[in-house]
Amino acid sequence: MAAEQENAGNLKRKLAKLFQLSLEATVPGEPDIEPLVAACTAKFGDYQCNNAMGLWSKIKGRPGIEFRGPPAVGQAIMKNLPQSEMIESCSVAGPGFVNVVLSKNWMAQNIQKMLVDGIETWAPKLSIKRAVVDFSSPNIAKEMHVGHLRSTIIGDTLASMLEFSNVEVLRRNHVGDWGTQFGMLIEFLFEKFPNFEDVNETAIGDLQAFYKESKQRFDVDAEFKDRAQKAVVRLQSGEQLYRKAWAQICEISRREFDQVYQRLGVHLEEKGESFYNPYIPGVIEALTNQGLVEESKGARVIFIEGINIPLIVVKSDGGYNYASTDMTALWYRLTEEKAEWIIYVTDVGQQQHFDMFFKAAKRAGWLPADDRQYPKASHVGFGLVLGEDGKRFRTRSTEVVRLADLLDEAKTRSKAALIERGKAAEWTEEELEQTAEAVGYGAVKYADLKNNRLTNYTFDFDQMLNDKGNTAVYLLYAHARICSIIRKSGKDMGELKKTGKIVLDHADERALGLHLLQFAEVVEEACTNLLPNVLCEYLYNLSENYTRFYSNCQV
């Protein structure tokens, strides 16, 4: 019973349990046989067990084996399958594939159960309780640009998928709020605003322009550069005035980031580089005592097997770097926050850095050598956002595209399309604004998520806002249609759940029903492989199945 509850909605696992019993009866005592069950695309069934060929190659030629090839093994697996109300019929095809057709009545009862108990009872049961998702992570005093879009959207979606699966997720914004650039920013702040404590974002104006001006001074003025470098030391040694100026710059930046996060509906908690700073010396000392840290060309490094460049954890000038902070953050997340899965969402270009410091953590004994065991760390890499010219997405003046501008444009285009459809006459201005935001921002998010994250994708507003094909707008239309039917029916849905009965007589009803029942296994696959596009594809196919049902089974 507990096992039934554990995967209330996972058809694939339910069938795998039945096939496990069948395989044990077919080849008693054979070790390490995992049932290979997959959803079918062919017309022979709903699911398929694909063990016959692999099993035949293991057992052929053994004394006492009476099978004459994979089809005979398939027949035996089918014959030994225990009776189950789930299964209507089975057949064997080709080289022993066992096809399963699910019982229509059982499907209808389970959809009813899904409806009455609530979809959350079908959430997959993952083998972890707490995870960290490290995503977005812009740099202080720089604006969020299109490059931050993917990390923010993918990270937020992965966090939501894990939260749905009853994992406690620590959503971490590892902002770049520490480092040498603060010396020049602070000195420039002192220079422009002698009473800097009264300064707010209006006085500084565009923080990006402020950063550029200070960088220009740093590059051409040797005396300013010298002051800026000394300012870094004074900040890092905790001098009050410098700390205050640093906090001021961070706060202005944070407010700008928060505006973008609010528009995208993204929630995260900031724990920037500066948070881990006090812990670095202790972590480096512990790694040194383990014999992992060695001297090399004046720096202190960790050598990684199979990689010819070492991981530098203390620079030759005694300063810390990304690796020092990242190692310390990983240590903190494992030991202090007790996370079992730590997920980093950055572009694929940083793959080697993560690979190196994960290997260093394995050498230190923080992570197990086997990647299938927990606790574990995973790098979720993603490709570039390209413009229509196939190059990195930029403005006409070759600047990176500001994320705020991108969202403004999405909303403007979405609103124009709604007005063109005559919605301005039907809706209040507030409704028009809200819908334009929901559709515009949704279109941007979905266009990113529907692609396998490892690939580059071309940013194209026209394609994103199209109401045909695999787009957010198409999914939103399907959702609106469902809401419209509910509204026009005049029925009380709570009451209908108790008194109504689901019947899957028409082929399109059955197809839609089967797809709904595959929800749990799809979410589990998307979570396990950290691939939001798997879920997007499921939702797009659900909308397609629904559209067919809606067209052919008149309500």
Using side-chain heavy atoms (C-beta onward) and a distance below 4.5 Å, is [X] in contact with [Y]?
X      : Y      : answer
Ile309 : Gln352 : yes
Glu305 : Lys359 : no
Asn470 : Tyr446 : yes
Asp156 : Leu264 : no
Arg172 : Leu268 : no
Asp355 : Ile307 : yes
Thr325 : His174 : yes
Glu409 : Arg413 : yes

Nearest 0.5 angstrom please: [X] [atom1] to [Y] [atom2], how far?
X      : Y      : atom1 : atom2 : result
Leu449 : Leu158 : CG    : CG    : 8.5 Å
Leu185 : Phe188 : CG    : CZ    : 9.5 Å
Lys411 : Leu406 : NZ    : CG    : 14.5 Å
Arg254 : Ile249 : CZ    : CD1   : 12.0 Å

**OP:** Show the numbers, then the answer: is there a side chain to side chain contact (heavy atoms under 4.5 Å, CB included) between Glu285 and Asn289?
**Re:** CA-CA 6 Å; Glu285 190 186 349; Asn289 293 341; 4.0 Å; yes
Please check if any side-chain donor atom of [X] sits under 3.5 Å from a side-chain acceptor atom of [Y], or the reverse.
X      : Y      : answer
Ser324 : Asn321 : yes
Ser274 : Asp177 : yes
Thr288 : Arg300 : yes
Tyr441 : Ser414 : no
Tyr276 : Asp326 : no

Could you check whether atom [atom1] of [X] has more than 12 heavy atoms from other residues, nucleotides or ligands sitting under 6.0 Å from it?
X      : atom1 : answer
Gln240 : CD    : no
Glu430 : CD    : no
Glu191 : CD    : yes
Lys362 : NZ    : yes
Glu544 : CD    : yes

With a 3.5 Å distance limit and no angle check, can you tell me whether [X] reaches the backbone of [Y] through a side-chain donor-acceptor pair?
X      : Y      : result
Lys315 : Ile312 : no
Arg255 : Cys250 : no
Glu187 : Ala228 : no
Arg402 : Val146 : no
Ser151 : Ser136 : yes
Glu270 : Asn173 : no
Glu340 : Lys129 : yes
Asn533 : Cys536 : no
Asn451 : Arg453 : no
Asn456 : Leu384 : yes

Original post:
Under the salt bridge (charged side-chain N to carboxylate O under 4.0 Å, His left out) criterion, do Glu524 and Lys125 qualify, and how do the steps go?
Top reply: CA-CA 8 Å; Glu524 184 172 330; Lys125 299 282 183 287; over 6 Å; no
Original post:
Where do Arg234 and Glu239 land on the salt bridge (charged side-chain N to carboxylate O under 4.0 Å, His left out) test, with the steps shown first?
Top reply: CA-CA 6 Å; Arg234 296 172 83 168; Glu239 237 179 88; 3.1 Å; yes
**OP:** Report yes or no: is the cationic atom of Lys271 (NZ for Lys, CZ for Arg) closer than 6.0 Å to the six-membered ring centre of Phe275, at no more than 45° off its axis?
**Re:** yes
**OP:** Give a yes/no verdict on a cation-pi contact between Arg217 and Phe224, requiring under 6.0 Å between NZ or CZ and the six-membered ring centre and an angle within 45° of the axis.
**Re:**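 Yes, a cation-pi geometry holds between Arg217 and Phe224.
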**OP:** Could you walk me through whether Lys225 and Asp219 pass the salt bridge (charged side-chain N to carboxylate O under 4.0 Å, His left out) test, one step at a time?
**Re:** CA-CA 7 Å; Lys225 184 175 183 172; Asp219 290 342; over 6 Å; no
Which heavy atom of [X] sits nearest a heavy atom of [Y], and at what distance?
X      : Y      : value
Cys527 : Trp341 : O-CH2, 3.5 Å
Met161 : Pro532 : SD-CA, 4.2 Å
Thr458 : Gly387 : CG2-O, 3.6 Å
Ser137 : Asp134 : OG-OD1, 3.3 Å
Thr157 : Ile153 : OG1-O, 2.8 Å
His379 : Gln350 : CE1-C, 4.2 Å

Does the ring center of [X] lie less than 6.0 Å from the ring center of [Y]?
X      : Y      : result
Tyr242 : Phe190 : yes
Phe358 : Tyr344 : yes
Phe459 : Phe461 : yes

Subject >> From CA spacing to verdict: side chain to side chain contact (heavy atoms under 4.5 Å, CB included), Leu330, Ile342 >> reply: CA-CA 8 Å; Leu330 180 59; Ile342 296 120; 3.8 Å; yes
Original post:
Would you call the rings of His515 and Tyr538 parallel, tilted or perpendicular if under 30° counts as parallel and over 60° as perpendicular?
Top reply: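 Aromatic pair His515/Tyr538 classed parallel.
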**OP:** Might you work through the side chain to side chain contact (heavy atoms under 4.5 Å, CB included) test for Arg171 and Glu269, ending with a clear yes or no?
**Re:** CA-CA 6 Å; Arg171 294 160 163 259; Glu269 185 190 345; 5.7 Å; no
**OP:** Evaluate the criterion side chain to side chain contact (heavy atoms under 4.5 Å, CB included) for residue pair Glu433 and Lys415; output intermediate values, then yes/no.
**Re:** CA-CA 7 Å; Glu433 283 287 304; Lys415 190 173 177 180; 2.6 Å; yes
Original post:
Please walk me through it: do Asn277 and Tyr320 pass side-chain hydrogen bond (donor to acceptor under 3.5 Å, both in side chains)?
Top reply: CA-CA 9 Å; Asn277 222 43; Tyr320 301 130; over 6 Å; no
**OP:** Tell me, please, which residues at least two apart from Tyr540 pass ring-ring contact (aromatic ring centres under 6.0 Å, His included).
**Re:**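 Tyr540: ring-ring contact (aromatic ring centres under 6.0 Å, His included) contacts with Tyr474.
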Original post:
According to the ring pair (Phe, Tyr, Trp, His ring centres under 6.0 Å) rule, which pairs have a member within residues 145-168, sequence neighbours left out?
Top reply: His145-His148, Phe164-Phe519
